[in-house]
Amino acid sequence: MRKPKVWRYFILEAVALLLLSALLGLGVNHFRADGLRLDGKSTQQKSEPATSPQITFVTPAEAMQLASDTEALFVDVRDSLEYADGHISGAVHLPYSAVRDNPDPLRIILYCSGPECTMAENYAHHLLDDGIQILVMPQGISGWFAAGGLVEAGK
Amino acid sequence: MKRLLHFLRTVLGLIFLLASFDKLLHPQDFAYIVANYRILPDLLVNPVALFLPWLEFVCGLCLVFNVFSRGATFIITTLMSIFLAALGFNYIRGLDVACGCFTTDPSAQADTAWTLIRDGVIALTSLLVFWLLVLEQRKSR
């Protein structure tokens, strides 16, 4: 009958430490300004410090180089008719007229195959950590076309 | 034997102290990592992210200063088995999650196989300390 007594010390001490840690965790969280919510509601938005975004200007040739060397997304900001008339291959259509009077930030919604896939979330962390660089190509679609860039037409 | 126990206990305590600091400082980042393991229901993610680092910190302190070291070793051995199981589970599932072992930086995506080996060594060490303490306890009775 020696065994239960040996284990008693281990278990009693462990329970005491568990309680102490729980109290410390809850207590410190209560007094922290950036404490976590415990009501199951998501606190998944990270508060990033507001930084003034730097706009970088590129020539069509530089844009082409960047698009082939790195991951880049072209956004066509013109109206539907002009977009349909011809735009950079693979460009997304987000007209400025729709964005101008809208106070909401631009949302990039990432997804993958299903709940078991965490790539989209990892991608989001990657974007939050490494940031998003916004570039402007002043020469526009005409400059792009003149530089020999690929263009596609239609919606 | 006593010396070996003393040495291993201190090392184990230091490892857990070291592991807890970053998580204590950045609970939100650690919560992301816990959520990313995709094992716990959402309701439990934040409580666990709050509780675990403190448990590691308290147990680490206890081991280093040899206070309540039996309970601390018991907890740490149990924790290590759970961590190993969670990591192994995700490794088999093919999810390359950030480990969240020593840092809350999700970009520190060390390769999981190496993490499994490292955690395995820590788990074995804690098991050894646990066993030595049980032996000591039996002898003293």
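Keep in mind that what you see is a predicted model, and the values were worked out from it rather than measured.
- B:P27 has its side chain within reach of A:R32: a pair of non-hydrogen atoms, C-beta onward, lies under 4.5 Å apart.
- No hydrogens or angles considered: nothing links the side chains of A:H125 and A:D129 as a donor-acceptor pair under 3.5 Å.
- Contact tally against chain A (heavy-atom pairs below 4.5 Å) for B:L50, B:V134, B:T73: the top residue is B:L50.
- Residues from residues 120-128 of chain B never place a non-hydrogen atom less than 4.5 Å from a non-hydrogen atom of chain A.
- At distances below 3.5 Å, not a single donor-acceptor pair connects side-chain atoms of A:D79 with backbone N or O atoms of A:L81.
- Contacts of B:S69 with chain A are made by backbone atoms alone, with heavy-atom separations under 4.5 Å and no side-chain atom involved.
- Residues of residues 16-25 of chain A having a heavy atom under 4.5 Å from any heavy atom of chain B, listed by number: A:A16, A:L17, A:L18, A:L20, A:S21, A:A22, A:L24, A:G25.
- Clustering ILVMFWY residues whenever any of their side-chain heavy atoms sit less than 4.5 angstrom apart, transitively, puts B:L133 in the very cluster that holds B:L135.
- When the heavy atoms of residues 5-20 of chain B are compared with those of chain A, none of the residues falls under 4.5 Å.
- No donor-acceptor pair closer than 3.5 Å links the side chain of A:E121 to the backbone N or O of A:T118.
- With sequence neighbours excluded, no residue forms a salt bridge (charged side-chain N to carboxylate O under 4.0 Å, His left out) with B:R118.
- Surrounding CG of A:L150 are at most 12 heavy atoms belonging to other residues, nucleotides or ligands under 6.0 Å away.
- In this structure, the portion of A:V28 lying under 4.5 Å from any heavy atom of chain B is its side chain and not its backbone.
- Contact check for A:L110 versus A:L127: side-chain heavy atoms found under the 4.5 Å cut-off.
- Listed for the B:D119 side chain is no donor-acceptor partner under 3.5 Å among the backbone atoms of B:L84.
- Side-chain contact between A:M137 and A:E62 is absent, with no heavy atoms from C-beta onward closer than 4.5 Å.
- The aromatic ring centroids of B:F130 and A:F10 lie less than 6.0 Å from each other.
- More than 12 heavy-atom neighbours from other residues, nucleotides or ligands sit within 6.0 angstrom of CZ on A:F74.
- Interatomic distance, CD of A:E82 versus NE2 of A:H87, reported as 13.0 Å (0.5 Å rounding).
- Options B:F51, B:F57, B:F68 differ in how many heavy-atom pairs under 4.5 Å they form with chain A, and the most are formed by B:F68.
- Hydrophobic cluster membership differs between A:I134 and A:L66, with clusters built from Ile, Leu, Val, Met, Phe, Trp and Tyr side chains linked at under 4.5 angstrom.
- Hydrophobic clustering of Ile, Leu, Val, Met, Phe, Trp and Tyr side chains at less than 4.5 Å, counting indirect connections, keeps A:V151 apart from A:V75.
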